[in-house]
Q: 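Structure in structure tokens, see below.
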Amino acid sequence: MFYSKEQFKEEFNSQLVKENGDKTESTAYKIIGDMLRKQVMHDWEIQQTVHQQSGDKQLYYISIEFLLGRLLGQNLLNLGFYEMAEEALGELGYKLSELEELEQEPGLGNGGLGRLAACFLDSLASTGLPGHGCGIRYRGGLFTQHFIKGFQVELPTDWIKEGQGIEVRREELALEIPFYGEVSMNVEQEGVRTVHENAVWVKAVPYDMPIVGAKGGTINTLRLWQAETSERPLPYGLGYLVHELETAKISDRLYPDDALDSGKLLRLKQQYFLCSASIRTILATRNFEIEELPEKVAIQINDTHPALAVPELMRALLDDYGLDWDQAWDLTTRTISYTNHTILEEAMEKWESRLLSQLLPRVYLIIEEIDRRFKAEWASKNFDEHTAHKLSIIEGGVVKMAVLAVVGSHKVNGVAKLHTEILKKREMKELNEYFPGKFHNKTNGITHRRWLLGANPELSSLITENIGSEWIQEPDHLKELAYLADSRPFLESFQAIKRLKKDQLIHHLEREHNVIVDTASIFDIHIKRIHGYKRQLMNILHVQQLYKRIKNDANYRPYPRTFLFGGKAAPSYHFAKQVIKLINTVATRVNNDPVARRHLHVVFVEDYNVSHAEYMIPAADISEQISTASKEASGTGNMKFMMNGALTLGTYDGANVEIFDAVGEENAFVFGMSSEEVMRFEHDGTYNPMAIIEQDAGIRETLEELARGEWSDGPHNSDFIVRQLTSERDPYFILKDLPDYAAAHERVLDAYSRPVEWAGMCVKNMAASGVFSSDRTIRQYSEDVWGLSKVPAN
Ligand SMILES: *Cc1c(COP(=O)(O)O)cnc(C)c1O
């Protein structure tokens, strides 16, 4: 139920009167926010009652990050009122898209992992499944990135504007979580009772946000926990006072590290805070017998950050519900399942036992007991030292969270076929053999509602005009586009939309950054977190080489290309920050060169986030997915580009492999070493970048220019980069893959010179992209892991 257009205008105008007729955009934004809230709250309350009464199994997706992006437009779209609201507002003299720009996106995540969680919430609600998010309401989301003299500067982002957006503080569900203190076991008549004394308590208050599914779906809940100071008295002792101050800060800010283990005490507190609050409410608000838990509840832990859910659920079942160990363990492992997101050593979380036992004395005892029992189970098997090491949760005074998560859950999945194979055959080979059938693959996906319908309404309409609208419900239907891959009129419409999206992007960038770009150029886009393995450095080294070639060879006058970058570096990741500086320096030089600028342009878009991605992806011709093979678990950016008709220039890594499979390698630009080759080199230690530098004059020259400071405007700005490629032996195989990468770019130029054929390739990519909708991923999880059934429509 929602307004008709006339009702919408009427309601809007009557609200406007209350705002004293203030016709500013910010007031209009506030009014539609209020109208939407009123609308959603009604249906949401009904849904919550439906969930409460149905007795159907519910999923709780626990994630330390949810990178939601702006919500106003997405909510209107899913409700099916976007076009009506756009028209109505147009008649009232506003542009809806302009109003949407006023929303500060909730940046409660760093990158792919958090964005995946957000796509999953959308797919769960839109396919009518009862699945809810559990996260933290960080007051400060991911930092805002600015460039000053080409260097990244981080500014705090406070996204929360009280009274805006749709969220409800649920004071009645607030609870208290203990940290520190001592634990003792008291033998009493009823058995052993665990007593936790002298704890520092933290108050956890949930803020609920409705997740509005598309028509035919349901409204689920994202519950974000906020830490507040407890009213309970502090235990004696001064030291605690400091801890107390720190403890109240638990939900203060998101850790701005992506794929780096930030071994900080506060991070551990956040993890426990999230797990404990989520599990305590799941159990406290249940309407079934505790023994039925695995039939009524599924808990998915998104990477190892919420792995404490395992001992925390054990703690609750043992201490709060009085179950015995075996029964508690059986319920816990049948309820929890785990998604692994990375095999990067530096991202494999480990916590010192000393730290854990101090901060979480009861939970640590349980982890010890899980480890002891697991080891006892295989003690008689005479495993060799390596296998024993791989099967240990606690070892050398540290707790390995990934092993804890595997042992404590009934299913473990990787996020793309290649990644899952590497997990099963290498990283977690021993665990996989010990638990046959536990490991499985669920290739990531993206919600086509945000990334195609929302970000590219023009292309969406073109698709619907040609193949009907079934694809909106069932994105597999996009494959019907394949029949149009040689239809001239269709290809021309596609090309016109691509130009339009480029224009829109440029317009958007001009407004913010004052950049001037040739929209007829090839838009070659590399957007993602800045990281060694994602190889932004390889991209920019190639640009340097192109520049030199244009300068030195008067016959080399290639078709114009714009290389667009976007991405943030973790504030503590020095190398990544040097890469940002280098890209900015190259940009300044290339863009200001009167000859080179006719062929090359480099744009580094500040503060990459979901909203920027929504502008950039539809405008792309080339999607740069050039990670060192084996390092990118899946990637999801690659899928967004494909769905918008960009061609992948990429390595055999993560989900790229499945993209190439789906569309055919002839409709992509594939290059570089395979994961086997990379892993063989890593194993043997035989890769020698110095030999490449000696043999390849072009590479040698590029490095010499860097070393001379020719590509930096201050002393030593590229020292770090030169060192990584030489004395640190180029750990991401950039020099090894660079020639093949350059050759792939030549193939891009060649293919682009035949525009009709090129457009046909783009259409084939769109046609093959349906399988990468997160609706597919969610359906597979639901069938193979969670066992959910559809919520009846109300
Ligand atoms: C999709 C997305 C990512 C993930 O991109 P990858 O290329 O898979 O690393 C990161 N950040 C934002 C804002 C995104 O939308």
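Order of listing sets the numbers, starting from 1, for every ligand and every atom in it. We number each residue from 1, following the sequence as shown.
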Q: Which one of Thr420, Thr777, Asn413, Asp784 satisfies the side-chain hydrogen bond (donor to acceptor under 3.5 Å, both in side chains) criterion with Lys442?
A: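 Output: one option passes, namely Asp784.
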Q: For Ser461, check side chain to side chain contact (heavy atoms under 4.5 Å, CB included) against everything at least two apart and list the hits.
A: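 Residues passing side chain to side chain contact (heavy atoms under 4.5 Å, CB included) with Ser461: Glu465.
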Q: Please identify each residue that fulfils salt bridge (Lys or Arg N to Asp or Glu O under 4.0 Å) with Arg529, with sequence neighbours left out.
A: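 Residues passing salt bridge (Lys or Arg N to Asp or Glu O under 4.0 Å) with Arg529: none at all.
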Q: Can you give me a line-by-line list of nitrogen or oxygen pairs between ligand 1 and the protein shorter than 3.5 Å?
A:
from, atom 1, to, atom 2, distance (Å)
ligand 1, 7 (O), Lys528, NZ, 2.7
ligand 1, 8 (O), Thr636, N, 2.8
ligand 1, 8 (O), Gly637, N, 3.0
ligand 1, 9 (O), Lys534, NZ, 2.8
ligand 1, 15 (O), Lys640, NZ, 2.7

Q: For Tyr781, check ring pair (Phe, Tyr, Trp, His ring centres under 6.0 Å) against everything at least two apart and list the hits.
A: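 Only Phe120, Trp786 meet the ring pair (Phe, Tyr, Trp, His ring centres under 6.0 Å) criterion with Tyr781.
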Q: Under the criterion side-chain hydrogen bond (donor to acceptor under 3.5 Å, both in side chains), which of Glu624, Gln536, Gln625 is the partner of Lys528?
A: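 Option passing the side-chain hydrogen bond (donor to acceptor under 3.5 Å, both in side chains) with Lys528: Gln625.
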Q: Centres of the Phe720 and His574 rings: under 6.0 Å?
A: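 Close enough - the centres of the two rings lie under 6.0 Å apart.
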